[in-house]
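Only a predicted model underlies this, so the values are computations on that prediction, with no experimental measurement involved. Nothing fancy with the numbering, it's 1 onward along the sequence.
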Amino acid sequence: MTDYKYERMILAGLANAAGQSPALTQGAGGNVSIKTKDGRMLIKSSGCRLRDVTPEKGISLVRLESLREIIDLPEPDAAYMSEAVIKSTLPLNGKKEKPSVETCFHAMLGYAVVHQHSVYANFITCCEEGRTLAEKLFPEAVFVPFAAPGPELCMSIRKHAVKPIPDAGILFFQNHGLAVYARTTEKVLEMSRAVNEKIKDYFSLSDFTPDYIVGKYKTDNAVPAEMLSRAGLPEGKILTLDQQLYCNPAVMSGTDVTEDLKEIISVIIWLLEAYSARGLRPSFIQ
Ligand SMILES: [Zn+2]
């Protein structure tokens, strides 16, 4: 049996490029995948940073056929889909890691898939005017309404995508991020770069610098909740999926600001400042 050594090397390179800066993805967010000629898919494992993936670490192998059968059902059950991902996971390089929560939607798309929580894409996806801006700048893209990560997002993509799903495309996930897919890894990285740069240039957005952003608001030993409040986040409001997933009350009132948390709250502050300067309105998840 093949050990997919070549494919592991390709996937690690793709992951490292897709996660090379916190502007493109924060913490362990985002994921990448490639399909193999024998009906399998290599995908980033859950909980691993994109930039930390190596050919030996952070990669899972899944069987596509059984997964796609479930995704193609008229109304697949979310729990059943999650279970199917676990069942379709195969050992790779002598071990079995837990595949990304987004394995199902990767299975639906073309050869190479890059999903990022890019601040530039999220400038569009977290904005009231987001759908209109996406249609204006990227008429070929699909704007997917907010859905919980995993099976729900997969079903929302299935519902809104162009049918049949083309070999290459751009998907904006509301309040979440960007996914691009293409026939080659070179092309998919080129598409990701082009989308992010186009948004950054069009709106003259500043670079994303978490240390500087947090430094501005972290006076008087402010905890994360105070920093976000100072930056103009209304009480109880959630702007990004990462905020929903990781910023619970204990974390927000604690003094332990980990690297991941610093990046996640910097995104919220950066977005609020960018909207305020341009007269745009944030669109909250809740
Ligand atoms: Zn994501």
Side-chain angles (χ1 to χ4, degrees), residues 22-27 29-30 101-102 105 115-161 169-180 192 195-206 208 210 213 217 224-249 251-252 261 263-286:
L24 297 177
T25 205
Q26 306 80 39
V101 66
E102 304 296 11
F105 92 67
H115 164 49
Q116 297 161 311
H117 295 185
S118 140
V119 293
Y120 307 116
N122 278 340
F123 176 81
I124 282 183
T125 77
C126 296
C127 173
E128 282 287 349
E129 298 80 0
R131 180 184 291 276
T132 311
L133 293 172
E135 282 169 2
K136 183 175 167 188
L137 289 178
F138 304 97
E140 73 281 27
V142 175
F143 193 90
V144 182
F146 184 76
E152 278 189 37
L153 176 59
C154 178
M155 285 302 98
S156 187
I157 295 168
R158 192 182 79 163
K159 186 175 165 192
H160 293 92
I170 303 168
L171 304 166
F172 287 103
F173 301 156
Q174 190 174 27
N175 295 92
H176 179 166
L178 167 74
V180 289
S192 148
V195 171
N196 285 310
E197 273 188 10
K198 186 169 181 178
I199 300 167
K200 188 177 186 223
D201 291 347
Y202 187 85
F203 294 100
S204 303
L205 296 168
S206 62
F208 177 68
I213 293 166
Y217 289 91
E226 290 170 300
M227 287 188 250
L228 292 183
S229 172
R230 285 177 190 174
L233 182 73
E235 174 129 22
K237 290 291 184 188
I238 293 178
L239 186 60
T240 66
L241 173 69
D242 281 339
Q243 181 190 359
Q244 187 179 54
L245 294 178
Y246 303 109
C247 296
N248 61 49
V251 164
M252 295 309 278
L261 181 61
E263 291 179 359
I264 288 165
I265 63 174
S266 295
V267 173
I268 301 161
I269 296 172
W270 184 90
L271 288 172
L272 291 172
E273 287 184 343
Y275 293 145
S276 167
R278 290 161 186 80
L280 295 169
R281 294 167 300 160
S283 165
F284 298 106
I285 299 171
Q286 65 180 56

Practice task
Keeping to residues at least two apart or across chains, list the salt bridge (Lys or Arg N to Asp or Glu O under 4.0 Å) pairs with something in residues 273-286.
Solution key: E129-R281, K216-E273
Handout entry: Heavy-atom check, side chain of P282 versus side chain of L271, under 4.5 Å
Key = no
Practice task
Decide yes or no on ring-ring contact (aromatic ring centres under 6.0 Å, His included) for F123 and F208, but give the supporting numbers first.
Solution key: CA-CA 12 Å; F123 176 81; F208 177 68; over 10 Å; no
Exercise for the section: For T125 and N175, test the side chains for any donor-to-acceptor distance below 3.5 angstrom and give the result as yes or no. Expected result: no
Problem - OH-CD distance between Y246 and Q26, expressed to the nearest 0.5 angstrom - result: 10.5 Å
Fill in the blank from the handout: For Y275 and C126 the tightest heavy-atom approach is OH-C, 3.2 Å
Handout entry: Donor-acceptor pair, side chain of H115 and main chain of L178, under 3.5 angstrom
Key = yes
Practice task
Inspect the surroundings of CD in E235 and state if more than 12 heavy atoms from other residues, nucleotides or ligands are less than 6.0 Å away.
Solution key: no
Exercise for the section: Could you tell me whether a side-chain N or O of E102 sits under 3.5 Å from a main-chain N or O of G150, the two making a donor and an acceptor? Expected result: yes
Problem - Atom pair CG/CD of L233 and Q243 - distance to nearest 0.5 Å - result: 5.5 Å
Practice task
Go through the structure and list residues passing ring pair (Phe, Tyr, Trp, His ring centres under 6.0 Å) with Y217, not counting sequence neighbours.
Solution key: none
Exercise for the section: Hey, can you tell me if F173 and F105 have their rings parallel, tilted or perpendicular (30° and 60° cut-offs)? Expected result: perpendicular
Practice task
Flag the pair F284 / F146 as yes when their ring centroid distance falls below 6.0 Å, and as no otherwise.
Solution key: no
Practice task
Can you measure from CG (N196) to CG (L205) and round to the nearest 0.5 angstrom?
Solution key: 10.5 Å
Handout entry: CD1-CZ distance between I124 and F143, expressed to the nearest 0.5 angstrom
Key = 8.5 Å
Problem - Side chain Q174, main chain P145, donor-acceptor under 3.5 Å - result: no
Problem - Residues D242, I268; criterion side-chain contact (heavy atoms from CB on, under 4.5 Å); working and verdict - result: CA-CA 10 Å; D242 281 339; I268 301 161; over 6 Å; no
Practice task
Please list, chain by chain and in numerical order, all residues satisfying salt bridge (Lys or Arg N to Asp or Glu O under 4.0 Å) with E226, sequence neighbours excluded.
Solution key: none
Practice task
Output yes when a side-chain donor or acceptor of E263 lies under 3.5 Å from a complementary backbone atom of G27, and no otherwise.
Solution key: yes
Handout entry: From CG (N122) to CH2 (W270), nearest 0.5 Å
Key = 9.0 Å
Fill in the blank from the handout: Closest heavy-atom pair, L228 versus M252, reported as atoms and distance to 0.1 Å, is CD1-CE, 3.1 Å
Exercise for the section: Return the minimal non-hydrogen interatomic distance between V142 and H160, and the atom names on each side. Expected result: CG1-O, 3.5 Å
Fill in the blank from the handout: One should read off an interatomic distance between C127 SG and F203 CZ, to the nearest 0.5 angstrom, of 7.5 Å
Practice task
Give a yes or no on this: more than 12 heavy atoms of other residues, nucleotides or ligands lie within 6.0 Å of atom NZ of K198.
Solution key: yes
